[in-house]
Each structure stands twice: as structure tokens, then as C-alpha cells.
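See structure below.
In this text the structure is predicted, and so the values were computed from the model without any measurement. No hydrogens, no waters, no symmetry mates; every other heavy atom, side chains included, goes into these values.
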Amino acid sequence: VIRGLPLLMTAGSSSDGTEDSDFSADLEHVEASESAHRRSSTRLTRASLRLSRSSQDLKQGADRDETPPRTPTGNAPSSESDIEVSSHSNDLLSLKEAAAHDLSHRPKRRRFHESYNFNMKCPTPGCNSLGHLTGRHERHFSISGCPLYHNLSADECKGKASTRDKQAEERTLSHRQDENRHSTRNQAPTERQLRYKEKVTELRRKRNSSLNKEQKEKHMEHRQSHRASREPLLENITSDYDLELFRKAQARASEDLEKLRLAGQVSEGSNMIKTIVFGRYELDTWYHSPYPEEYARLGRLYMCEFCLKYMKSQTILRRHMAKCVWKHPPGDEIYRKGNISVFEVDGKKNKIYCQNLCLLAKLFLDHKTLYYDVEPFLFYVMTEADNTGCHLVGYFSKEKNSFLNYNVSCILTMPQYMRQGYGKMLIDFSYLLSKVEEKVGSPERPLSDLGLISYRSYWKEVLLRYLNNFQGKEISIKEISQETAVNPVDIVSTLQSLQMLKYWKGKHLVLKRQDLIDDWKAKETKRGNGKSIDPTALKWTPPKGT
């Protein structure tokens, strides 16, 4: 290493870390002419002349130089910006700096794809993230592209890739030959196609009907050693032809996922679902939800909007929708007005549906903690009906026997229906149930950010409506609570936020601010009665026991 010049600082170095021949020749020339320059000064080379003319530009260029990419080991090599321009006036240092500056125009070479994050690694135990199931990539970061998970090596994957390419070329050539035939409606198979059919039939006939003892022991030992961290052994289970077809399908699916990952549509390996396809909507998620790892690592889920079953691909969803008989949530329909309905779903009777609903809600709620223990809860699901079915708008869950009289445990409005008044409808419906039960209710804490905003707005409207209709002179917090089913603590906190609660001469007074009431009346008139709960449309009796 030459003093002041790191070994990896040249952008023109080859991929194996060695310098280019022209750069090495320049350095040998510098060392050979060192003594001659000490005895007498000679004319400067073209590079040193350029340096002497624009020494200030060299400093600015070094400051602007970008940080080079990381190497496969994760260590960043020294950059050209680390070169310090010496203040010595001898020609030797000028020549060395000129040689480095003369090579700075060369483009930097990268060993792997720019989008690879070298902090990521394959989740398969013992895998070094090298190779790819398709045989076309140098690295992988997910199980779907891991050769080790599929009981293969990187070289075997490359060999299979070349074999598939040759077969694809032969198939393309044969198709071109077949196209030269006269096209008829009922075209007879060619001689080549008949031979291929006989060959496939013979290959499938040769396979063993069952595994022998040694093969069974081998399969059992592999399963006990690796369990779920490796794919089960597939040899001798079916014919070689069918196994090769399955391997081709795996490679094609892995290649498609790799393209989506590089395009940023799928974040495989991060265990974070980024988007879900829900009915006719594609929704971006906000938070992490504990879906099974094989689904979460895909980054995108496909869901049936009626039964909430989650799937891996669009094809599986399409086949499911052709067979799914659900058009509304399970349970009893307890409310209907227009196209808005509310279904009461028991977590004990419809456990799978309620678990899927909780997993879906966790994608959009930060404070959600309920995932699997859904039996002690009732779920009230609001839907909007059209000619295709009842589409999920939102829901809230409620404990069957709440010690603290919570009337809501969790509440959610789907993102495509937010800011349309459905959230307040859900809140109003929960307090309507509390009124029928002759109880005072309150939402379970802690509330999410959006939940707190919604409840504050709802409590404000309830209080202003009550004060607008109140004709007496003395008012009681207890009376307001009994008529509205709102907890007294929530009433007091809302009055304080509105600056309507004052302490005067040893008594707490509620001020009737007419300006706030007039603003509320103007908004109500402008809004109309489009999104509201009609108590007469409720057909429900409180459940008894658990």
C-alpha cells in the first residue's frame, strides 16, 4: 500500500480486489523515478499538471465523493474521500496524488445487485444466504429462494436452471415446427407428441408404490433432525417426472417473488405484511399482526371479505371465492336500516371467524392485544350491503361479563370507510346497547390515537345535544350519565376540555356555552341525518350468562 493511498480506494480495481495494469505501471514508474526527482526537477506529467492547475477542485471532489457500496462481508471499503492532499511541495507526492486523481473518473463496480441489503440473511438455520433456488441470483434472503431449505446446493440449482433453459429452447423450436402444419379445428397429435406421451406414461409407471424400509428410515431421520426448518425429502414419493414438474413450479414461483421483491411490492424476509387484498380494495397496513410466518414473510395477503380466510396468492383467492358460500358475517343480525346491518357474533360459537377478525384488526391498531382467546367476547360487526353481499365496514368487541362495565374492548373502522361517519355510528351503537342493558358504559383503556379522537368528538356531541334540549336550571352529572349511558368520568373530562366546568364558591358549576351549542347545531344541519343509528331498528335482548 502506498502512503496516503488505501488498497481498495481505486474505483478501477477489478472484481477480485487487484489493481488494473495501467495503475500498477504508473506506481512502478513513480518508485523508479524517485531518486531522479530528488536530484533535479523534471517536467511534470500531464496528470500532475492538471493537479497543479486545479488543486482546489480535487479537495472539493473528494468531499463530494459518495460512500462506496458494502462488500458481501458487510464491511465498507475506504473511499477516495479519505485521501488527504499533502501540503508538501516535492514532486513525488504530486505524482502519487495525480495518479490517484487520474483514475477517479472510472466507474465503480458492484459485485451484487444494488438493492440487496447485506444486513439481511436467510432465516434457514446454517444457511449463508448464497445461491438461489432459480440458479439465476447470487444471494437470497427468504425461505422460498433458499437452496438449503429445499435440500439442494447452489451448484445443483444452477445446473437445474441450465437444464430448464435447454428444455425451453427445445420446446420453443418444436412449437415453431408444429405451427407450420395446416391449422384445423380437431387437429391430431403429432408423432413427436405421441412419443412424449408414451415416455411420460412409462416414467410414471416405473415409480414405486411405497417406500422401502431404508427409505422410510432416511425420511424419518431427516424429519427429526430438521423438523420445520427444512423441506421434507421428496425423492421416491412420486415419479421422477412429477417431481421435476414440482421443482420447476417452485423455481418459477421463487422467480416471481424475487421480481416482486426487487420491485418493492413484496418485502420477503421482514415478517411484516405490507399490503392486503380485501375485496375490491388493496389496503396498506399500519402495524404488525401475528399471522403465521409462512404468510407474514410474503408481505402481501389475499383475504376473503366475507369469511376473512387469508391466502397466499390471487389464484387461491379466486378458487376460494368460487366455492365460498358466505355473503355476510356469521351470527344474528340484530340491526338493519337501509343497507346498514349489525351482526352479533359469539366468540365461542364462531371462534375461527373471530380470530381472523382480530388478526385483521391488528394490522390497523397499535394497542390491540386480543388474538386467540376470543371465547369470552361478543363481536358486533357492521356491514354495508349491495347486490354482491354484506361488506365489512367495522366492528367492536365487548366482554360478555365485564367487571368494570366496559361496553367496548376494541373498535375498528376499515380504512376504506374512515372519515365517513361510520366510527361514530359504531360508538353510538355500543352506547345504545348499554342503554338497553340499563348500564353505564365506557371504552376499555388504553385507547388508540384515532379511537381517543373519535370518542372525544362523540362525547362532545352527546353533551351539547343534551344541554341544547335541557330546559331546567340545575343540572346533575349523574342525571346526564343515566340518560346518555356515558360514564361520569368521561363526562367530566369532556366538560373540562370544553371549558364548561368551573369551581365557584365551593361548588362545581356547568356553564352552558351557547356559542358551542350554535356551532354544533350548524354542523348538524349541514351534515343531515345520513349516518346515524335509529334505536327503533334494534332487535336485541341482552344475552344471559356466558
Could you check whether any side-chain N or O of [X] sits under 3.5 Å from a backbone N or O of [Y], counting only pairs where one atom can act as donor and the other as acceptor?
{"X": "E333", "Y": "P329", "answer": "no"}
{"X": "S434", "Y": "S430", "answer": "yes"}
{"X": "R445", "Y": "P443", "answer": "yes"}

Would you say the ring centers of H328 and F306 fall short of 6.0 Å from each other? no
Quick one: are the ring centres of F364 and Y287 less than 6.0 Å apart? no
Is any side-chain heavy atom of [X] less than 4.5 Å from a side-chain heavy atom of [Y]?
{"X": "S341", "Y": "M382", "value": "no"}
{"X": "V342", "Y": "Y395", "value": "no"}
{"X": "N405", "Y": "S442", "value": "no"}
{"X": "L495", "Y": "V510", "value": "yes"}
{"X": "K362", "Y": "L359", "value": "no"}
{"X": "R336", "Y": "K539", "value": "no"}
{"X": "K439", "Y": "N407", "value": "no"}
{"X": "L301", "Y": "F278", "value": "no"}

Taking [X] first and then [Y], would you say they form a salt bridge - that is, a charged N and a carboxylate O separated by under 4.0 Å?
{"X": "K526", "Y": "D519", "value": "no"}
{"X": "R247", "Y": "E231", "value": "yes"}
{"X": "D515", "Y": "R513", "value": "yes"}

More than 12 heavy atoms of other residues, nucleotides or ligands under 6.0 Å from [atom1] of [X]: yes or no?
{"X": "K309", "atom1": "NZ", "value": "no"}
{"X": "K349", "atom1": "NZ", "value": "no"}
{"X": "K435", "atom1": "NZ", "value": "yes"}
{"X": "K512", "atom1": "NZ", "value": "yes"}

Cation-pi check, K312 onto Y295 ring (under 6.0 Å, within 45° of axis): yes
Classify the ring geometry of Y458 against Y431: parallel below 30°, tilted from 30° to 60°, perpendicular beyond 60°. parallel
With under 30° as parallel and over 60° as perpendicular, where do the rings of H222 and H226 fit, or are they tilted in between? tilted
Among F379, F377, Y380, find the one that has a ring pair (Phe, Tyr, Trp, His ring centres under 6.0 Å) with F396. Y380
After noting the C-alpha distance and the side-chain angles of E344 and W540, does the key distance pass the side chain to side chain donor-acceptor pair (under 3.5 Å) rule? CA-CA 9 Å; E344 183 184 55; W540 178 76; 3.0 Å; yes
Test R300 against T275 for side chain to side chain donor-acceptor pair (under 3.5 Å), laying out the working first. CA-CA 5 Å; R300 175 183 292 183; T275 59; 3.3 Å; yes
Do you know the tightest heavy-atom contact between Y417 and Y422? O-CD1, 3.5 Å
